[in-house]
Amino acid sequence: MAPINTRLPKGMRDFLPHEVLKREYVFGVITDVFQTFGFEPIATPTLEMLDTLLGKSGEEADKLIFHAQHPGGKEALALRYDLTVPLARYVAMHENDLSMPFRRYHIAPVWRGDRPQKGRYREFYQCDVDIVGVASMAADAEIVSLLVAALRRLGFADFTVHINNRKLLNGIGIYAGVPEAQSGDLYRSIDKLDKIGLDGVKKELAASGIADDAIGRMMDLLQYREDGLAALGSVRDQLRGVPIAQEGITEIEQMVDYLDALGVDQFTVDLAMVRGLGYYTGPVYETMITRPDNLGSVTGGGRYDRLIGLFRKESMPTTGSSLGIERIIDLMDLLDLYPAEVTRTVVQVLVSVFEAGTQGASLALANELRAAGIRTEAYMNPKRAIGKQVQYADRKGAQIVAFLGPDEIQAGRVKFKRLRDGHEVEVSRAEAAQAVRALLG
RNA sequence: GUGGCUGUGGUGCAGUGGUUAGCACGUCUGACUGUGGAUCAGAAGGUCGAGGGUUCAAAUCCCUCCAGCCACCCCA
């Protein structure tokens with residue numbers, strides 16, 4: 001009989017034990033940083049009503065939403081596309097039970113019917129942190145500060161948070177005279193500045209049918225981009241007659257002040273950074289790893305003061321970011337950032353078994369070690385040669401093997417061998433757990 | 001949705017028209033009935049991604065489809 005073939009849905013993966021252990025380590029570090037900053041955990045269903053998700057993140061996003069229909073189902077359901085839109089729904093639904101401002105984090109899988117490629121999957125985890133109910137740029141600065149802290153805690157050193165502001169971008173569009181309908185094309189082209197250069201942007205804008213004089217004015221502004229923070233003064237002068245741009249610039253300046261207060265300096269003001277999602281209204285930020293530079297951004301977020309307003313009468317100012325955990329994990333491997341205590345197996349001690357008659361004694365020893373909080377596996381097949389049992393322990397990455405043969409049992413003792421260096425000790429049963437701890441060092 | 005590359009035992013590969021498709025690693029058994037990454041001997045494991053075509057003959061050439069990877073679009 002032909003076995004059933006084993007393929008997985010496109011863009012979805014299985015994880016081996018050692019991979020899960022690494023992922024859990026990353027989740028753990030990030031969770032710890034989130035909590036240190038005073039954020040609370042929440043959870044929401046993987047499925048939402050389709051209407052909850054549609055039309056929130058932009059047309060492109062709608063096309064990538066996974067529809068999830070039960071054969072007899074009457075209501076249209078979908079797998080969540082991100083954790084931000086569910087948050088907006090959640091806040092509107094539970095506002096009675098939440099104290100404002102509400103700071104929450106959420107680590108969970110999301111689904112996108114995207115075409116997979118490097119660092120990109122159809123099912124992947126996002127780690128979101130958001131502050132609901134604070135209009136001040138202090139909230140935005142705190143989010144950025146948190147992102148920097150989390151990345152540093154994971155061991156990243158070479159990265160930069162790029163900061164821009166949607167109001168400023170809008171203002172630039174207005175100043176250049178680009179019609180509202182074409183602002184999407186405009187932003188998209190600007191965002192590619194790094195990839196295609198000023199000339200490339202110019203060509204793309206022309207191809208989108210944007211007027212030459214508008215392009216010229218755009219180019220004048222984008223030239224300041226290199227100056228980062230220092231560009232703001234020139235841009236402010238240039239955009240003197242555009243109130244929305246002035247507002248955006250003021251927001252950036254305030255944010256920068258707060259970042260200084262928080263001791264954050266790993267950021268840059270980047271006039272050409274645009275975030276694709278449709279709901280952003282103010283500051284936007286995105287982190288680029290600067291050393292290996294092929295995996296794209298590793299965090300992305302911004303302020304979306306109007307999103308919650310789609311789910312209740314009045315909106316609430318909200319800002320937050322998502323950490324792209326999958327890319328972070330890929331990079332952790334690439335840069336070898338895992339500490340030694342992240343091991344390939346959960347097992348610290350493998351208790352070997354010599355013969356059928358001593359299996360009970362081996363189990364009893366395992367039980368004692370477990371009671372002392374040591375992660376212990378008892379080998380189950382007494383017929384298997386001891387050498388093979390040691391080999392098994394070594395292959396799977398266990399650190400210590402316990403030997404408990406007739407001689408030791410007779411003497412009330414036990415022998416432990418540390419596989420890393422072959423070092424062996426023999427101790428009384430009463431000292432077993434202590435000896436293991438010493439060997440684990 | 002568009003384009004490029006790839007598809008041979010569990011994994012990584014060789015084999016570019018000619019007898020029963022090879023190799024390495026892994027797995028299993030034994031030499032070794034109280035101790036690991038070694039050595040030796042042996043074994044299991046493949047409808048060569050699928051279907052069609054060309055040919056006396058196809059893993060090899062042609063067509064279609066499927067899948068994977070990479071890039072674009074977009075995004076974490």
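Order of the sequence lines sets the chain letters (A, B, ...), proteins ahead of strands, with each chain counted from 1.
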Grab the [atom1]-[atom2] distance between [X] and [N] for me, whole Å please.
| X | N | atom1 | atom2 | result |
| --- | --- | --- | --- | --- |
| A/I107 | B/A76 | CD1 | C1' | 14 Å |
| A/Y81 | B/A76 | OH | C1' | 10 Å |
| A/Y392 | B/G26 | OH | P | 18 Å |

Could you write out each protein N or O paired with an N or O of nucleotides 66-69 of chain B at a distance under 3.5 Å?
| residue | atom | partner | partner atom | Å |
| --- | --- | --- | --- | --- |
| B/G68 | OP2 | A/K10 | NZ | 3.1 |

What are the two closest non-hydrogen atoms of A/V148 and A/Q266, and how far apart are they?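 Result for this residue pair: CG1-OE1, 3.9 Å.
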Minimum-distance pair of heavy atoms, taken over all atoms of A/D270 and A/R225: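 Nearest heavy atoms, A/D270 then A/R225: OD1-NE, 2.8 Å.
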Under 4.0 Å, counting only non-hydrogen atoms across every strand here, what does A/K396 touch: a base, just sugar-phosphate, or nothing?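 Counting heavy atoms under 4.0 Å across all strands, no contact is made by A/K396.
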By the 4.0 Å heavy-atom rule, please label A/Y125 as base, sugar-phosphate, or nothing.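 Answer is nothing: A/Y125 stays at 4.0 Å or more from every strand.
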Given A/I308 and A/V132, is the side-chain contact (heavy atoms from CB on, under 4.5 Å) satisfied, shown in steps? CA-CA 9 Å; A/I308 292 176; A/V132 181; 3.6 Å; yes
Structure string for RNA chain B in dot-bracket form, Watson-Crick and G-U at under 3.5 Å, | interchain: ((((((((.[[[[.)..(...]]]].(((((.......))))).....[[[[[..)....]]]]])))))))....
Within the 4.0 Å limit for protein heavy atoms, which parts of nucleotides 31-42 of chain B are touched? Write it as a string from 5' to 3', B for base, S for sugar-phosphate only, - for none. ---BBBB-----
Please walk me through it: do A/K56 and A/F311 pass side-chain contact (heavy atoms from CB on, under 4.5 Å)? CA-CA 11 Å; A/K56 307 300 184 299; A/F311 296 98; 3.6 Å; yes
